[in-house]
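Here is the structure we will look at, set down as structure tokens.
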Protein chains: 2
Amino acid sequence: MRSYGQFCALARALDVVGDRWTLLIIRELAARPCRFRDLAEGLPGIATNLLADRLRMLTVEGVVEHDPVGGTYQLTQRGRGLGGALKALVRWGIPLMASGQGTDESRVHWLSLAISAIFEDTTAGEPVRVQVVTGAPEIEIVAHQQGTDTRIGNVLSPHVILSGPQELILGALSGDISLESAEKVGLVITGSRVALRRLIAARR
Amino acid sequence: MRSYGQFCALARALDVVGDRWTLLIIRELAARPCRFRDLAEGLPGIATNLLADRLRMLTVEGVVEHDPVGGTYQLTQRGRGLGGALKALVRWGIPLMASGQGTDESRVHWLSLAISAIFEDTTAGEPVRVQVVTGAPEIEIVAHQQGTDTRIGNVLSPHVILSGPQELILGALSGDISLESAEKVGLVITGSRVALRRLIAARR
DNA sequence: CTGCATCCGCTTCGATACTG
DNA sequence: CAGTATCGAAGCGGATGCAG
């Protein structure tokens, strides 16, 4: 991409990460170190030459580094600094999921990212453990006094299990739709609704 | 831009605001309502057809609305929701300003945006008033107990006046370079260094 | 088989000229 | 002033090739 030629922090940031696909590559690497094929798998639709180009540019810019031993790419410290911008964009994008999946591709770790953005900085005096089921693998949400952890895996003895279409799970967790209306159109809640409501109410 | 075809909040957000120029248009509108030529003036290098295309798309997406009376474009509520993502990207981009302006274009309100991102959520028990001078118009920073206001204008009786190259002002205010080294290469500090240090230390 | 590079048709961008 | 029209250049997407 050509530089915008503007002496502006936003324009300079976009000179580095504003290209098509670039922030999605960073999304993948924010979840875990990846090999080239992991990235290609997590970025359905990208041309492999473009992926190689972007990785080269991000490496030059100090956002990504390549580990020659494991053959993986990972974010540098500077790259991890994009986490806040990533989360903010994810939060803004969540309402855009409400229209449903359609023919779009789907990955569990994308859903996990969205949930973790919803519950960023959320604390709960009484711990809440939630299991989210949308096909394997599953996602666990654990809210406690220090914060909320969202990860792929099976939580031990969850207070509540959510299953159903992703847009309903996200809509309910983000507070955009009520539990009642979500359940009417396909959300299944198993276990303690009280715990679930506490989690949703604690969100900030 | 083609959709990424991914059922992911980030990808859906980028389907809307990930095109080239789009976030820069939102940057302009975040500062003030703009007429078409204001936007063109604040987006040096954009082709007018592209600007028209983007405004149309952003209007359809509910991010921007056109006021037929004043002939201005402005952000909708939904568009203002991008403020957090914008600020996060600006913060990340500030170190990229350190290399200096070169042949890039410059606008005072871009600098003001960067400064406001630096002092987002910064509070000061004892108020601090700072004037930034990099050619007219000037920027005022006022930190107080409730937060910090950054705007274009002249502050009344500032505790300290900063002038010099933008990258030094930003480097000093963001804490990336010390006041001493900034002064050695061209930053001019007039007034109370103590007040300035208090402001910089209060930054979060 | 992984990790790219090359090629090519197509879309988007950039610059400028033009119009209501 | 506020865009639209046009056209060459650059970037993207998809298929394929090929080296380690």
Side-chain angles (χ1 to χ4, degrees), chain A residues 1-6 8 10-11 14-29 32-61 63-74 103-105, chain B residues 1-6 8 10-11 14-29 32-61 63-74 103-105:
Chain A
M1 179 191 274
R2 289 188 35 160
S3 164
Y4 285 107
Q6 299 183 359
C8 160
L10 178 63
L14 293 175
D15 281 343
V16 176
V17 299
D19 282 305
R20 187 160 166 79
W21 292 107
T22 301
L23 278 173
L24 297 184
I25 292 171
I26 290 162
R27 171 195 69 191
E28 293 300 306
L29 294 174
R32 70 229 180 274
C34 294
R35 309 192 54 155
F36 190 89
R37 69 182 145 78
D38 300 325
L39 287 167
E41 160 65 22
L43 297 162
I46 197 171
T48 55
N49 59 342
L50 222 58
L51 176 54
D53 281 354
R54 295 290 186 266
L55 287 171
R56 216 182 340 261
M57 196 233 267
L58 288 171
T59 303
V60 169
E61 298 288 349
V63 175
V64 164
E65 62 192 357
H66 187 241
D67 173 11
V69 180
T72 61
Y73 294 89
Q74 54 191 307
T103 61
D104 285 359
E105 295 271 344
Chain B
M1 179 191 276
R2 288 187 37 158
S3 164
Y4 284 109
Q6 299 183 359
C8 160
L10 179 64
L14 293 176
D15 282 344
V16 176
V17 298
D19 282 305
R20 186 160 167 78
W21 291 108
T22 300
L23 278 173
L24 297 185
I25 291 171
I26 290 162
R27 172 195 70 191
E28 293 300 306
L29 293 174
R32 70 231 180 274
C34 293
R35 309 189 54 150
F36 190 91
R37 72 182 158 77
D38 299 326
L39 287 167
E41 161 64 24
L43 296 161
I46 198 172
T48 55
N49 60 342
L50 262 186
L51 177 54
D53 282 353
R54 296 290 186 264
L55 287 170
R56 220 181 336 260
M57 196 234 265
L58 288 171
T59 302
V60 169
E61 297 289 347
V63 176
V64 164
E65 61 191 357
H66 187 239
D67 173 12
V69 180
T72 61
Y73 294 88
Q74 54 191 306
T103 61
D104 285 0
E105 295 272 344

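Here is how names work: the chains are called A, B, and so on, in the same order as the sequence lines, proteins then strands, and each is numbered from 1.
Residues meeting the side chain to side chain donor-acceptor pair (under 3.5 Å) test with B:Arg32, sequence neighbours left out: B:Glu28. Listed by chain and number, the residues in a side chain to side chain donor-acceptor pair (under 3.5 Å) with A:Arg35 amount to none (sequence neighbours excluded). The side chain to side chain donor-acceptor pair (under 3.5 Å) search around A:Arg56 returns A:Asp53, not counting sequence neighbours. Under the side chain to side chain contact (heavy atoms under 4.5 Å, CB included) criterion, A:Asn49 pairs with A:Ala47, sequence neighbours left out. Residues meeting the side chain to side chain donor-acceptor pair (under 3.5 Å) test with B:Glu41, sequence neighbours left out: B:Arg107.
The side chain of B:Arg20 places no N or O atom within less than 4.0 Å of a non-bridging phosphate oxygen (OP1 or OP2) of D:dG11. When the side-chain nitrogen and oxygen atoms of A:Tyr73 are compared with OP1 and OP2 of C:dC4, one or more of them lie within a distance under 4.0 Å. Remark: B:Arg54 is not in phosphate contact with D:dG3, judged by side-chain N or O atoms under 4.0 Å from OP1 or OP2. Contact annotation: B:Trp21 side-chain N/O to C:dT12 OP1/OP2 distance is not under 4.0 Å.
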Grab the N/O contacts between the protein and nucleotides 14-20 of chain D below 3.5 Å, and write none if there aren't any.
from	atom 1	to	atom 2	distance (Å)
D:dG14	OP2	A:Gly45	O	3.2
D:dG14	O6	A:Asn49	ND2	3.4

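In this structure, the CG atom of B:Leu50 is 11 Å from the P atom of C:dT12, given to the nearest Å.
Tested against B:Leu55, the residues B:Leu50, B:Ile25, B:Val60, B:Val63 include a single side chain to side chain contact (heavy atoms under 4.5 Å, CB included) partner, B:Ile25.
A:Tyr4 contributes atom OH, which lies 9.5 Å from atom CG of B:Leu43 (distance to the nearest 0.5 angstrom).
Closest to the B:Ala52 side chain, of the nucleotides D:dT4, C:dA5, D:dG13, is D:dT4.
Remark on the helix from C:dC1-D:dG20 to C:dG20-D:dC1: inter-end axis angle 30°, axes from five-pair C1' superpositions, rounded to 10°.
Applying a 4.0 Å cut-off to non-hydrogen atoms, the residues of residues 34-44 of chain A that approach DNA chain C are A:Arg35, A:Phe36, A:Arg37, listed by residue number.
Side chains of A:Asp38 and A:Tyr73 form no contact here, defined as non-hydrogen atoms less than 4.5 Å apart.
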